[in-house]
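Accompanying notes for the structure given below.
Quick note: residue numbers are just sequence positions, from 1. Below, all heavy atoms of this structure are taken into account, side chains as well, without hydrogens, waters or symmetry copies.
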Amino acid sequence: MTATVTSTTNSVPTSPASAVTGFRNTLPFAIVTVASVLAGLIHYAVVPEHRSEWVVYAVFFTLLGAFQLIWAATVWIARRRPVLLVGALVNAVAIGLWIVTRTVGLPFGPEAGEAEAVGLIDVLCVLAEAVVLVTAVAALWVSIRRRTT
């Protein structure tokens, strides 16, 4: 049995237990989707640069970019708490890793222990990831609060 979450622009079938029903419209999901697509595309854009440094970096950025693009489509289609939670966690880890690489550097790789310079593109990417994180957590919070009241 499924329920339908009705918004001002479309209906999204979801299961009652995990449906995110706190938001009355699609704006938060549009924001989180666009932010995740932006972060994913930025990660793809820097793959060639990082491949020249170490292929493991290129693989990481490729996988992270793929996740962010697939997650954006998934959260737009399936507005469920587990999807939001996974997106929030992955983006929190990405932000944390960026902070480490800009302050003390990674403990492994060809430039182990060397902090990277902060650049405009990576700041834009981290801001997009922060938007994903904050918006996903807000959607989870509102959904849980509405369910318990």
What distance do I70 atom CD1 and L63 atom CG have between them, rounded to the nearest 0.5 Å? 9.5 Å
Check V132 against G87 and note the closest heavy-atom contact, atom names and distance. CG1-O, 4.3 Å
Looking at R51 and Y57, would you say the former's side chain and the latter's main chain have a donor-acceptor pair under 3.5 Å? no
State plainly whether one hydrophobic cluster holds both L106 and V46, where clusters connect Ile, Leu, Val, Met, Phe, Trp and Tyr through side-chain heavy atoms under 4.5 angstrom apart. yes
Contact check, side chains of T74 and R80, non-hydrogen atoms, under 4.5 Å: no
Taking G119's backbone N and O only, do any of them form a donor-acceptor pair with D122's side chain (distance below 3.5 Å, no angle check)? yes
Classify the ring geometry of W71 against F67: parallel below 30°, tilted from 30° to 60°, perpendicular beyond 60°. parallel
From E116 CD over to E111 CD, what is the distance, rounded to the nearest 0.5 angstrom? 6.5 Å
Over 60° means perpendicular and under 30° means parallel, so classify the ring planes of F61 and H50, tilted if in between. tilted
Are V126 and I99 in one and the same hydrophobic cluster, where Ile, Leu, Val, Met, Phe, Trp and Tyr link if side-chain heavy atoms are under 4.5 Å apart? yes
When you measure from the side chain of S52 to the backbone N and O of E49, does any donor-acceptor pair fall under 3.5 Å? yes
Least distance between heavy atoms, A94 atom then L64 atom: CB-CD2, 4.1 Å
Does T101 use its side chain to pair, donor to acceptor, with the backbone of W98 at less than 3.5 Å? yes
Looking at CZ of F60 and CH2 of W54, how far apart are the two atoms once the value is rounded to the nearest 0.5 Å? 12.0 Å
Given side-chain contact (heavy atoms from CB on, under 4.5 Å), test L124 with L38 step by step and report yes or no. CA-CA 9 Å; L124 179 61; L38 177 60; 4.3 Å; yes
Which atom names give the shortest non-hydrogen contact between C125 and H43, and what distance separates them? SG-CE1, 3.3 Å
Ring-face cation contact, W76 with R79, 6.0 Å cut, 45° max: yes
Within a strict 4.5 Å, meaning less than it, do heavy atoms of the V131 and V32 side chains meet? no
Please report the closest heavy-atom contact between L84 and A136, naming both atoms and the distance. O-CB, 3.8 Å
V34 with V83, same ILVMFWY side-chain cluster at under 4.5 Å: no
Test of understanding: clusters of I, L, V, M, F, W, Y form through side-chain heavy atoms closer than 4.5 Å, transitively. Do V118 and I95 belong to the same one? yes
Do V123 and I42 share a hydrophobic cluster (ILVMFWY, side-chain heavy atoms under 4.5 Å, transitive)? no
Report the distance from atom CG of L85 to atom CG of L140, rounding to the nearest 0.5 Å. 6.0 Å
Least distance between heavy atoms, A115 atom then T103 atom: CB-O, 3.5 Å
d(Q68 CD, T33 OG1) to nearest 0.5 Å is 12.5 Å
Rounded distance [0.5 Å steps], CG in L127 versus CG in L133: 12.0 Å
Nearest atoms (heavy-atom pairs only) where A88 meets V137: CB-CG2, 4.1 Å
